[in-house]
Engineer: 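The structure is given below, and queries will be raised subsequently.
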Amino acid sequence: MGALRRFAAILVADLRERGRGTRFWVAIALVGIATWWCFPAVETGRFAVGFGDDVRGIYSSAWVGLVLGLMYSSLLSLLGFYVVRGTLVRDFDTRVWQLLVATPMTRPGYLLAKWASHMAVFALVMLVGLAVGAVAQLVHAEDRTFNLIELVKPVLVLALPSLAVTAFFAVLFDLVPWLRRTAGNVLFFFVWVLVNVSLANHFDPSKSAWATQTWLSDPGGMAMVMRDLGTHLARAMPDVNSHDLSVGMSDTVERLRLFRWNHWPMRLADLGGRAVWVLLSMACVVALAPMLDWAAARTRGAEAVRGAGAGRRLAWLDRVLRPLESFASGRVMAAEFKLVLRQRRLWWWLALLGSWAVQSFGPPEAVGVVVIVAWMASVDVFSRVMLRERETLTGPLLFVAAGAVRRLLVARAGMAVVLAMVSVAPAALRTGAIDPLAAVALLMVAGSVACGGLALSVLFRNPRPFELLLVVLAYVGVQGQGPLAVLAHPQWTLMLHAVALVASALLLPMLWPRLAR
């Protein structure tokens, strides 16, 4: 009983700490709004989950639950990582861990309590979504029969295993020191793609004949949904491709075709397979217990002491920046360049040189990918440089100087924009000889990415929103789509990022002084 009380105490303390922040409740409200958006009326000609361009299920309890289950097993398992992570780091940095370790609490119990607190947050989010989904069913009135079990069942079966895996990674990334900040935020997106998308494709019954019989699905349950829902649709609408399942808001069509889905018959073996993912996540969390003392010793303060005086001399940097030091604002900008560049790891310099080589001599189809990688390598600069004083608590000392707020804003914005443009300079020069518009677009996007990162970090007072946004846009961009596919769509990206750059340039002077104070 004592162990259970300690477990519950850690869990409740975490939930109370989260509940004190306005940001947490704003996120819950946004989830409710987004959930309602997942159930457009039939007159709109759109759907969030369906087949092809014009087929979806009637809004019954079972279908509403299925839509929510798929959305939460995919999007919430990605975005939720950025919402829940950080509780272990907070305990380490505030030295709460030193108090906890003096109690009879066990290390596996502590980690399981943190994992459970993440799951409790996800449960609250899903509870809000279920309430909104039930209201959507009643409002749209396509099927007035309400069945609580059929509504809740798909959410638990599909989302719970996927969210359990996400909660495990939130604990793991908090333990590993170099994954606690931007590197971890960026890396998780690719881990999520590997774990969810790749495994879903592996178990896809349309691509693997044996997958139709297997009891183990991917963490998000997508393969299981495609198997069972596809079988049902093949009987209800034989003319529809039962493997063409679409998750995400569709385009508008003139008329939707609806089919009835009132019950999802689940096999006992499938439920066992879903339970395996949850139990495996818990086992992996317990297996991290031997790392706990090592991770707790590497707090932000301890790393700062160990890293005092670290950084490369980069003597050539003094010569390059000397012209800037002839006037006051230039000296501040030069100091920002030195502070940022001298702390760059060796891998960053090697990546920059490698990207320059590909931009200069690589095949044209690789250049568009490499410029995105070059911006991603500096995402921590764009997302965190304006928050430096909040993280180091040096604001009261720094901002007492006359004009410090304005000079730092100009210096940091200039440094970030120049860094983003220099990162893609070889591609701009090479492209400019063939297509000047594409070269201008490339530099415009560079400035927009840099200023957008500064503005969003100041707006949210947190680096994670921009880091997540850039990772998602990069994922789409390497496939030749979206706002970062500059060389594929130069005119469109030029106009879009010109607007974004102006908006960021207007936001920064308004938001930064308040953050500085």
Engineer: Evaluate side-chain contact (heavy atoms from CB on, under 4.5 Å) for Val132 paired with Leu68, printing each intermediate quantity in order.
Structural biologist: CA-CA 10 Å; Val132 174; Leu68 293 177; over 6 Å; no
Engineer: If I take atom CG from residue Leu66 and atom CG from residue Leu158, how far apart are they, to the nearest 0.5 angstrom?
Structural biologist: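 One gets 6.5 Å once the value is rounded to the nearest 0.5 Å.
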Engineer: Would you say that Arg345 contacts Trp178 through its side chain, given a criterion of any heavy-atom pair below 4.5 Å between the two side chains?
Structural biologist: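 SC-SC contact between Arg345 and Trp178 ruled out.
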Engineer: Got a salt bridge between Asp91 and Lys114, using NZ or NE/NH1/NH2 to carboxylate O under 4.0 Å?
Structural biologist: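 Counted as a salt bridge, because a side-chain N and a carboxylate O are separated by less than 4.0 Å.
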Engineer: Mind checking the CZ-CZ spacing from Arg322 to Arg319? Nearest 0.5 Å is all I need.
Structural biologist: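 One gets 7.5 Å once the value is rounded to the nearest 0.5 Å.
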Engineer: Should Val381 and Met415 count as side-chain neighbours, where that means a heavy-atom distance under 4.5 Å?
Structural biologist: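 They are in side-chain contact.
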Engineer: Are side-chain heavy atoms of Leu468 and Leu79 found at a separation under 4.5 Å?
Structural biologist: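 Of all side-chain heavy-atom pairs linking Leu79 with Leu468, at least one is under 4.5 Å.
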Engineer: Are more than 12 heavy atoms from other residues, nucleotides or ligands located less than 6.0 Å from atom CD of Glu365?
Structural biologist: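 Yes - once you tally the heavy atoms of other residues, nucleotides and ligands closer than 6.0 Å, there are more than 12.
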Engineer: Which atom names give the shortest non-hydrogen contact between Ala420 and Trp375, and what distance separates them?
Structural biologist: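 Heavy-atom minimum between the residues: O-NE1, 3.2 Å.
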Engineer: Counting N and O atoms only, with roles assigned by atom type, does the side chain of Thr94 sit under 3.5 Å from a partner on the main chain of Arg90, one being a donor and the other an acceptor?
Structural biologist: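 Judged by distance alone, yes, a pair lies under 3.5 Å.
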Engineer: Rounded to the nearest 0.5 Å, what separation is found between the OG atom of Ser246 and the CZ atom of Phe51?
Structural biologist: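 It comes to 9.5 Å.
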Engineer: Look up atom CZ in Arg255 and atom CD in Glu43, then write down how far apart they are to the nearest 0.5 Å.
Structural biologist: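 So the CZ of Arg255 and the CD of Glu43 are separated by 12.5 Å.
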Engineer: Quickly, which of Thr166, Asn185, Leu172 forms a side-chain contact (heavy atoms from CB on, under 4.5 Å) with Arg85? Name it, please.
Structural biologist: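 Exactly one pass, corresponding to Asn185.
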Engineer: Return the CG to CG distance between Leu501 and Leu443, rounded to the nearest 0.5 Å.
Structural biologist: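 It comes to 11.5 Å.
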Engineer: Would you check if Leu76 and Val125 make a side-chain contact, meaning some heavy-atom pair closer than 4.5 Å?
Structural biologist: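 Yes, close enough: below the 4.5 Å cut-off.
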Engineer: Identify the heavy atoms of Ala428 and Ala439 that sit nearest to each other, and give their distance.
Structural biologist: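 Taking Ala428 first and Ala439 second, the nearest heavy atoms are O-CB, 3.4 Å.
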Engineer: Under a 4.5 Å cut-off applied to non-hydrogen side-chain atoms, are Pro177 and Trp294 in contact?
Structural biologist: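 Yes. Closest side-chain heavy atoms under 4.5 Å.
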Engineer: Can you name the closest pair of heavy atoms from Ser457 and Met386 and give their distance?
Structural biologist: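 Closest approach of Ser457 to Met386, heavy atoms only: OG-CB, 4.0 Å.
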Engineer: Let's go through Arg412 and Glu389 carefully: what are the C-alpha distance in whole Å and the side-chain angles of both, what is the deciding distance for salt bridge (charged side-chain N to carboxylate O under 4.0 Å, His left out) to 0.1 Å, and is it a yes or a no?
Structural biologist: CA-CA 13 Å; Arg412 290 178 181 175; Glu389 286 70 35; 2.6 Å; yes
Engineer: For the CZ atom on Phe327, are there more than 12 heavy atoms of other groups (residues, nucleotides or ligands in this structure) within a distance under 6.0 Å?
Structural biologist: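 Enclosed.
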Engineer: Output all residues satisfying side-chain hydrogen bond (donor to acceptor under 3.5 Å, both in side chains) with Ser117, sequence neighbours left out; order by chain, then residue number.
Structural biologist: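 Counting only residues at least two positions away or on another chain, Ser117 forms a side-chain hydrogen bond (donor to acceptor under 3.5 Å, both in side chains) with Asp14, Arg18.
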Engineer: Heavy atoms only: give me the nearest Val371-Ala427 pair and the separation to one decimal.
Structural biologist: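 Distance-wise, the nearest heavy atoms are CG1-CB, 3.7 Å.
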Engineer: Please check if the side chain of His118 supplies one atom and the backbone of Phe168 the other of a donor-acceptor pair under 3.5 Å.
Structural biologist: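 It does not hold such a pair.
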Engineer: State whether the number of non-hydrogen atoms from other residues, nucleotides or ligands found under 6.0 Å of Trp492 atom CH2 is greater than 12.
Structural biologist: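 Atom CH2 in Trp492 is crowded, with more than 12 foreign heavy atoms closer than 6.0 Å.
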Engineer: Would you find a donor on one side and an acceptor on the other, under 3.5 Å apart, between the side chain of Arg180 and the backbone of Leu175?
Structural biologist: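 Side chain of Arg180 to backbone of Leu175: a pair is present.
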Engineer: Check Met119 against Leu163 and note the closest heavy-atom contact, atom names and distance.
Structural biologist: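 For Met119 and Leu163, the tightest heavy-atom pair comes out as SD-O, 3.6 Å.
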Engineer: Where do Val424 and Ala446 come nearest, in terms of heavy atoms and distance?
Structural biologist: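 Shortest heavy-atom contact: CG2-CB, 4.3 Å.
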Engineer: Please indicate whether Asp54 has more than 12 foreign heavy atoms, meaning atoms of other residues, nucleotides or ligands, lying under 6.0 Å from its CG.
Structural biologist: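 Yes, the 6.0 Å shell around CG holds more than 12 heavy atoms from other groups.
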Engineer: Is the side chain of Arg56 donor-acceptor paired with the backbone N or O of Phe47 at a distance under 3.5 Å, no angle test?
Structural biologist: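 Side chain of Arg56 to backbone of Phe47, a donor-acceptor pair under 3.5 Å: no, none is there.
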Engineer: Are the side chains of Val31 and Met126 in touch, meaning some heavy atoms are under 4.5 Å apart?
Structural biologist: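 Sidechains of Met126 and Val31: no contact.
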Engineer: Give a yes or no on whether the backbone of Gly220 and the side-chain of Trp277 come within a donor-acceptor separation of less than 3.5 Å.
Structural biologist: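 The answer is no, because no donor-acceptor pair under 3.5 Å joins these two groups.
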Engineer: Output all residues satisfying ring pair (Phe, Tyr, Trp, His ring centres under 6.0 Å) with Phe189, sequence neighbours left out; order by chain, then residue number.
Structural biologist: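 Phe189 satisfies ring pair (Phe, Tyr, Trp, His ring centres under 6.0 Å) with Tyr475 only.
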Engineer: Any side-chain heavy-atom pair from Val418 and Phe337 closer than 4.5 angstrom?
Structural biologist: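 Yes - at least one pair of side-chain heavy atoms lies under 4.5 Å apart.
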Engineer: Using a 4.5 Å cut-off on heavy atoms from C-beta on, say whether the side chain of Phe188 contacts that of Phe173.
Structural biologist: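 A side-chain contact under 4.5 Å exists here.
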Engineer: Any donor-acceptor pair under 3.5 Å linking the side chain of Ser360 with the backbone of Ala357?
Structural biologist: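 Not at all, since once roles are kept as given, no pair shorter than 3.5 Å links the two residues.
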Engineer: Between Ser162 (side chain) and Ser73 (backbone), is there a donor-acceptor pair under 3.5 Å?
Structural biologist: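 Checking the backbone N and O of Ser73 against the side chain of Ser162, a donor-acceptor pair under 3.5 Å is found.
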Engineer: Has the side chain of Asp218 got a donor or acceptor atom that lies under 3.5 Å from a matching backbone atom of Ala223?
Structural biologist: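 Pair found, side chain donor or acceptor close to backbone of Ala223.
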Engineer: Indicate yes or no for a side-chain donor-acceptor contact from Gln359 to the backbone of Ser423 under 3.5 Å, with no hydrogens or angles considered.
Structural biologist: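 Checking the backbone N and O of Ser423 against the side chain of Gln359, a donor-acceptor pair under 3.5 Å is found.
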Engineer: Suppose we screen for salt bridge (charged side-chain N to carboxylate O under 4.0 Å, His left out). Which residues come up paired with Asp318, at least two apart in sequence or across chains?
Structural biologist: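 Only Arg313, Lys338, Arg342 meet the salt bridge (charged side-chain N to carboxylate O under 4.0 Å, His left out) criterion with Asp318.
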